Amino acid sequence: MGLKVYNTLTRKVEDFKPLAEGKAGIYVCGPTVYGHAHLGHAKSYVSFDILVRYLRYLGYAVTYVQNITDVGHLTDDADEGEDKLVVAAKKEKKHPMALAEYYTRSYFEDMDKLHCVRPDISPRASGHIPEQIELVKKLLEKGYAYEVNGSVYFDVSKFSDYGKLSGRNVEDMQAGARVEVSPDKKHPADFALWKKAEPNHIMQWLSPWGNGFPGWHLECSVMSMKYLGKTIDIHGGGMENQFPHHECEIAQSEAANGAQFVKYWLHNNMVTVNGQKMGKSLNNFILLKELFSGSHELLSRKYDPLAVRQLILQSHYRSPIDFSDAALTAAQSGFDRISDAVIALRNRMGQAPDGEADKVVLGELEELTGTFEEAMNNDMNTSVGLSVMFDLVRLANRLFEKKDATGQTLKAVDEKFSILGGAVLGIVKDEYPQTGFPDNKPLEDIIDKFNLFVEIRELLRRKKQFKASDDIRNYLGTAAIEIEDSPDGSQLKGLDDFLKRYRNLKIHGNKKEAEKYSKSIIEYFKNALGVE
RNA sequence: GGCGGCGUAGCCAAGAGGCCUAAGGCGACGGUUUGCAAAACCGUUAUUCGUCGGUUCGAAUCCGACCGCCGCCUCCA
């Protein structure tokens, strides 16, 4: 059984059969880079990242194209609307292109943290103006478009399939409240292919119809065609883009090419925050950077980017997901549980006794792999896929208890973590840093001191001086550093966080806080040593 | 107004006609382990799936009505 996906076009779950055997071309609507990425971006791009990763796991040669929209769409559909990018650029006093570049980098930074694999091609809309002009010309030639006053519109009445994706028909929508229809349009549903620019419009290009800029659906048609061909296997995007964006893409592409544009349309559902739609006007907009640093008033703490990823994977991509501080905290705990097990597993692998891998364990791993694949094949049921990770955690921890697992057995378990949890789900890391801040020499001293405490405590414990030993643990606890005792020795936990917090305080120049913090450190050093 | 989705334990969330007296996670509680903790392991935590009807030998799953919530139709992922 192979992969099945839900195709919005047919409203059915279908077997995925690519156009070319063993290959898959995927186009996903990328971000408009006029601001930092937010939770909605995370949901969408993690969802399609899973699709790409899983197709690769299945052996497909995937070409993943995701555009960067750096020609801002207009803020409304009427001709008077301003370009989003231009508006933002004015506000930040930057050239729109500088702004686009800045937010493009920010976007990739955030996506890297979420372990979203980079697209094979990230085409910029601004880099494909000639191709867009060509497509407009072609549509004019074929009679699907008309020019009015230096703008070109797509004539929806000429394309009978218009509405086939979103299940709308043009007549019904006329009744709906539509904002200010441009008087240039023959029909309110017609959409712009090319727009005339006013002299003061910063982003404009020369075209056969005068100076202007491309309409906001055009780039996706042009760039997917250029890099993936006239018909592509999969087009993904957020479901709010079904109409009008994707509907218009279909109209343009199919009218121009006379060929089916997309075989499988996949749409992810939306994000809510505390049960409410996330919207700029609603003040519940959470940026990924705020999530990763904990600097949003709705958040009680910062969250590991991969814990956010895990929360997204806990539900289906076609279901809405509600982000709340409680949900994030729960996901973080679960993520830590998996990470801890993998770290322990890798630490023990080298010390484990030699010998063949346990047949029973190998059998269990096979079974779990089957469960995983079955779930993922079913329109990417990541929730069940993730549950397999927890089965692996339990399996690994049980092996540790028995202590007789061979290195080969542990290695087999680690392989599943690495492939299913790492390569496919993207929540298991290749490497877990111990305490790595090589560029923070002074902090290493602090770590040394912490380690000294651990050693002192070991001595005390051996001498059964439990009161003093508990004190040390408590003191360190006030800095959110935990000591975990085990037969193999004691481990410090939370050092990374401690160091990050410490470094952030210094870097961000919050002197008062930094001072308070270092004082508190000195304080418990003193206390623990029992000196004044 | 048009289109669509959802309502499953304290919370999050799979399941989409019999394998369901319903995965998994978080939380809580009990036990094992530990000097005590933590972590881990074992166990408990929904005889029931918004409500009421219907179809069926059989429904969380299909149909209808109702209640509640959410989204899209306008820039948004």
Side-chain angles (χ1 to χ4, degrees), chain A residues 11 13 28-32 34-35 37-48 72-78 81-82 84 87 163 166-169 171-180 216 236-245 267-272 275-281 285 310-311 314-316 318-322 324 326-338 340-341 344 371 375 378 381-391 393-394 396-398 400-402 461 464-467 469-470 473-474 477 482-487 490-491 493:
Chain A
R11 312 213 169 225
V13 176
V28 173
C29 285
T32 304
Y34 68 112
H38 52 70
L39 277 175
H41 293 106
K43 161 103 177 162
S44 184
Y45 298 124
V46 166
S47 298
F48 292 111
H73 301 329
L74 294 186
T75 49
D76 67 53
D77 201 27
E82 262 199 292
K84 285 193 292 202
V87 171
S166 53
R168 288 156 212 269
N169 70 69
E171 303 317 314
D172 280 349
M173 286 187 307
Q174 274 179 269
R178 196 172 172 90
V179 286
E180 293 201 45
W216 60 280
M239 66 173 226
E240 83 287 354
N241 276 333
Q242 270 172 35
F243 187 89
H245 186 51
H267 290 100
N268 64 277
N269 213 313
M270 311 294 281
V271 156
T272 53
Q276 280 276 298
K277 170 199 166 119
M278 189 175 80
K280 284 204 167 132
S281 50
F285 227 67
Q310 183 159 315
L311 177 57
Q314 261 174 50
S315 66
H316 191 85
R318 280 193 288 119
S319 301
I321 185 162
D322 184 43
S324 62
L328 283 159
T329 301
Q332 179 76 53
S333 298
F335 172 71
D336 290 343
R337 180 169 149 81
I338 295 172
D340 286 349
T371 305
N378 182 20
N381 187 334
T382 51
S383 183
V384 171
L386 191 61
S387 78
V388 168
M389 289 306 109
F390 287 102
D391 291 335
V393 167
R394 201 166 300 112
N397 284 331
R398 271 189 207 143
F400 302 157
E401 298 246 314
K402 285 197 284 177
R461 286 179 68 221
K464 306 225 183 280
Q465 305 258 13
F466 295 125
K467 175 71 176 68
S469 126
D470 283 352
R473 185 167 56 198
N474 291 337
E482 292 165 48
I483 296 184
E484 280 187 15
D485 297 330
S486 78
S490 300
Q491 285 276 322
K493 294 195 81 177

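For the numbers below, each heavy atom of this structure counts, side chains included, while hydrogens, waters and symmetry mates do not. Source: prediction; values computed, not measured.
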Dot-bracket pairing map - RNA chain B, Watson-Crick plus G-U, both contacts under 3.5 Å, | cross-strand: ((((((((.[[[..)..(.....]]]((((((.......))))))....[[[[[..)....]]]]])))))))....
Touch class at under 4.0 angstrom, heavy-atom based, for Phe390(A) against every strand present: sugar-phosphate
From CA spacing to verdict: side chain to side chain contact (heavy atoms under 4.5 Å, CB included), Ser44(A), Glu240(A): CA-CA 11 Å; Ser44(A) 184; Glu240(A) 83 287 354; over 6 Å; no
Point-to-point distance, once rounded to the nearest 0.5 Å, from CE of Met239(A) to CZ of Arg318(A): 11.0 Å
Nucleotide nearest Met239(A) when distance is taken to its side chain, options A77(B), G71(B), C12(B): G71(B)
Sugar-phosphate only, base, or nothing, as touched by Val388(A) at under 4.0 Å among non-hydrogen atoms: nothing
Thr272(A) side-chain N/O to Lys277(A) backbone N/O, donor-acceptor pair under 3.5 Å: no
OP1 or OP2 of A14(B) under 4.0 Å from side-chain N/O of Ser319(A): yes
Integer angstrom distance from the C1' of C63(B) to that of U55(B): 7 Å
Length of the line joining Lys402(A):NZ and U33(B):C1', which is rounded to integer Å: 17 Å
Touch class at under 4.0 angstrom, heavy-atom based, for Gly40(A) against every strand present: base
Nearest to side-chain heavy atoms of Tyr45(A), which nucleotide of A77(B), C36(B), A14(B): A77(B)
Sugar-phosphate, base or nothing in reach of His316(A), heavy atoms under 4.0 Å: sugar-phosphate
Nearest-Å distance for atom pair CD/P, residues Gln242(A) and C73(B): 10 Å
Nearest-0.5 Å distance that lies between atom CG in Asn268(A) and atom NE2 in His316(A): 10.5 Å
Rounded distance in Å between the P positions of G71(B) and U61(B): 26 Å
Side-chain N or O of Arg394(A) closer than 4.0 Å to phosphate OP1/OP2 of G25(B): yes
Spatial distance of atom OG (Ser333(A)) from atom CG (Leu328(A)) [nearest 0.5 Å]: 11.0 Å
Selected nucleotide, minimal atom distance to Asp470(A) side chain, candidates G24(B), G35(B), G71(B): G35(B)
Sugar-phosphate, base or nothing in reach of Ser383(A), heavy atoms under 4.0 Å: base
Side-chain-base donor-acceptor pair under 3.5 Å for Asp485(A) and C36(B): yes
C1'-based separation of G68(B) from U8(B) [nearest Å]: 16 Å
Which nucleotide in A14(B), C72(B), A37(B) has an atom nearest any side-chain atom of Asn381(A): A14(B)
Nearest-Å distance for atom pair CG/C1', residues Leu311(A) and G25(B): 11 Å
Residue Gln314(A), side-chain atoms from C-beta onward, closest of G24(B), A40(B), G35(B): G24(B)
C41(B) OP1/OP2 closer than 4.0 Å to side-chain N/O of Asn397(A): yes
Closest to side chain of Val393(A), choosing from C41(B), G4(B), A14(B): C41(B)
Separation of the P atoms in C11(B) and A16(B), to the nearest angstrom: 24 Å
Most 5' of Arg461(A) and His38(A) on RNA chain B, judged by nearest nucleotide: Arg461(A)
Span that lies between the C1' atom of U45(B) and that of G25(B), in whole angstrom: 14 Å
Length of the OH-C1' vector between Tyr34(A) and A77(B), whole Å: 10 Å
Comparing Lys43(A) and Ala330(A) on RNA chain B - which has the more 5′ nearest nucleotide: Ala330(A)
Spacing between His267(A) atom NE2 and C6(B) atom P, to the nearest angstrom: 17 Å
Backbone N/O of Asn381(A) and side chain of Asn378(A): donor-acceptor pair under 3.5 Å: no
Interatomic distance, Met278(A) CE vs C70(B) C1' [rounded to whole Å]: 15 Å
Nucleotide nearest Arg11(A) when distance is taken to its side chain, options G24(B), G4(B), A40(B): G4(B)
Aromatic ring pairing His41(A)/His38(A), orientation class (parallel under 30°, perpendicular over 60°, tilted between): tilted
Ser315(A) side chain, from C-beta outward: closest of C70(B), A13(B), G4(B): A13(B)
SB check Lys467(A) Asp470(A) (cutoff 4.0 Å): no
Test log, rule side-chain hydrogen bond (donor to acceptor under 3.5 Å, both in side chains), inputs Asp336(A) and Gln332(A): CA-CA 6 Å; Asp336(A) 290 343; Gln332(A) 179 76 53; 3.1 Å; yes
Interatomic distance, Ile338(A) CD1 vs A39(B) P [rounded to whole Å]: 16 Å
Atom pair distance, as rounded to whole Å: CZ in Phe285(A) and C1' in C76(B): 7 Å
Nucleotide of G5(B), C76(B), G35(B) approaching Lys277(A) most closely (side-chain heavy atoms): C76(B)
Side-chain N or O of Arg398(A) closer than 4.0 Å to phosphate OP1/OP2 of C42(B): yes
Separation of the C1' atoms in A59(B) and C70(B), to the nearest angstrom: 26 Å
Separation between the P atoms of U47(B) and C66(B), rounded to whole Å: 29 Å
Touch class at under 4.0 angstrom, heavy-atom based, for Met270(A) against every strand present: base
Of the listed nucleotides C73(B), A77(B), C36(B), the one nearest the side chain of Phe243(A): C73(B)
Span that lies between the C1' atom of A77(B) and that of C72(B), in whole angstrom: 13 Å
Sugar-phosphate, base or nothing in reach of Ile483(A), heavy atoms under 4.0 Å: base
Below 4.0 Å: OP1/OP2 of C36(B) and any side-chain N or O of Lys467(A): no
Short side-chain N/O contact to C41(B) OP1/OP2 from Arg337(A), under 4.0 Å: yes
Interatomic spacing from CZ in Arg473(A) to CZ in Phe466(A) - rounded to 0.5 Å: 10.5 Å
Asp340(A)/Arg337(A) ion pair, N-O < 4.0 Å: no
